[in-house]
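Scroll down for the structure; my scribbles are underneath it.
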Protein chains: 2
Amino acid sequence: MRDIQQALDMRPGSIYARFQSKEGLFKLVVEKYVENSKAQLQCVANSNTPLQSLGDFFKSALINPDEMRYMRQCLLVKSIAELDLIGEVGQKAVLDGMVSLNDCFALVVEKAILLEELSNTTPVDMAANWLQNQFVGLRAFAVIQSDNDAIERMIDKVLYDLTTQWPEN
Amino acid sequence: MRDIQQALDMRPGSIYARFQSKEGLFKLVVEKYVENSKAQLQCVANSNTPLQSLGDFFKSALINPDEMRYMRQCLLVKSIAELDLIGEVGQKAVLDGMVSLNDCFALVVEKAILLEELSNTTPVDMAANWLQNQFVGLRAFAVIQSDNDAIERMIDKVLYDLTTQWPEN
DNA sequence: GCATTATCTGAACGATCGTTCAAAAAGCTT
DNA sequence: AAGCTTTTTGAACGATCGTTCAGATAATGC
């Protein structure tokens, strides 16, 4: 809270007047973050080449100058890692956000199937879950990996595996 | 630290006599955790059916009774998420641990190639990195996913994708 | 049984945390 | 300019954090 006070040049009272508490502020931040990410993924879903756009989305989120490495971390991923330290309100915001983004990944998969970039036998929900997984794993990978080419190869592998076969049921 | 004091029924002085500080204790815990995980992965690498053993390893780490859901989180993954809040000593322990486990994943891949469960064109280092990624992603997935079958299907997908093609260079 | 060493005890330290609130300042309406 | 509402201020609160250390206790060697 004191970091935020300094960054915004605001006194504690002002912050607590606008937001009720640390957790209330956290909830709003998470919701904004999710809203932002949703917009990005909906752009991907609206693209004419959804798979390529998906790759670009992954790359822009995971690859950036070294001095901004910390930005490779995802707020939601970070929050899930500390889910047991967060209050109920914050937990709900994080979990709802994950579901919300999962729906967006599903939209991307559906669009790719529609444009025949993916087989129509692709299980949409499973693929969406899987994509979200891949993103989480790559986020952690990107934090500790300074070789951008290695990250890019991982993304290529994700895009390839998306097109291969899926387990039954 | 006070939680640990209570759990061990030890007074702060005793803990600080054995370990120098919170960070020193953290370092030892991480090292122990890595040692443990290494032993498990080396078992997998020594198996006659490394890919099946690898699947079992994933399942045992990711699937367990619901009341122990919090145990699905991995100490290293959690630590990477908070890497910016950890001191230098702790950071080094975490990053070294990740490299160490990555080597173990590489051993598993090598063994699988040797036993012809994987093509000998499989790029060992990339596959090891990739496997570690998959594990990280699945850890987060398992924390928020109560459907064990969904987790199991994801693991099956990982084992399948391990056998498919890899990006060049 | 005594001396010496190693270990443990637990109250207490200073720093930092999230948060509050009476008072001051700024904004708005007439 | 006066009166009323809204917002901001900043010192200060109690709780909790990692940590310390003089003294008590236990373990060991002779």
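Atoms considered below: every heavy atom in the structure, side chains included; atoms not considered: hydrogens, waters and symmetry mates. Computed from a prediction, not measured in an experiment: that's the story for all the values here. Quick note on labels: first sequence line is chain A, next is B, and so on, each numbered from 1.
- Chain A approaches DNA chain D over the interval dT7(D) to dA12(D), counting the first and last nucleotide 5' to 3' with an atom under 4.0 Å from its heavy atoms.
- Along DNA chain C, the nucleotide nearest to Arg11(B) and the one nearest to Lys22(A) differ in position, and the one closer to the 5' end is contacted by Arg11(B).
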TODO: Take Asp161(A) and Tyr160(B), measure what side-chain contact (heavy atoms from CB on, under 4.5 Å) needs, and give me the verdict at the end.
DONE: CA-CA 9 Å; Asp161(A) 291 340; Tyr160(B) 175 74; over 6 Å; no
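- Among the atoms of the strands shown, none is found under 4.0 Å from any heavy atom of Glu23(B).
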TODO: Take Asp156(B) and Lys59(B), measure what side-chain contact (heavy atoms from CB on, under 4.5 Å) needs, and give me the verdict at the end.
DONE: CA-CA 10 Å; Asp156(B) 290 341; Lys59(B) 281 168 193 164; 4.0 Å; yes
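- Annotation for Lys27(A): atom NZ does not count as buried by contact number, only 12 or fewer foreign heavy atoms lying within 6.0 Å.
- Of all the heavy atoms in Ala127(A) and Trp166(A), the pair that sits closest is CA-CH2, 3.6 Å.
- Heavy atoms of other residues, nucleotides or ligands lying less than 6.0 angstrom from CD of Gln42(A) number more than 12.
- Judged by closest nucleotide on DNA chain D, Arg2(A) is the one of Pro12(B) and Arg2(A) placed further toward the 5' end.
- If you take OH of Tyr16(B) and P of dA11(C), they are 17 Å apart, rounded to a whole angstrom.
- Connection of Ile63(B) to Leu41(B) is established within a shared hydrophobic cluster, with ILVMFWY side chains joined at heavy-atom distances below 4.5 Å, either directly or through further cluster members.
- Taking for each of Gly13(A) and Met1(A) the nucleotide of DNA chain C with the nearest heavy atom, the 5'-most of the two is the partner of Met1(A).
- Between Ser14(B) and dT7(C), a side-chain N or O to OP1/OP2 separation shorter than 4.0 Å is absent.
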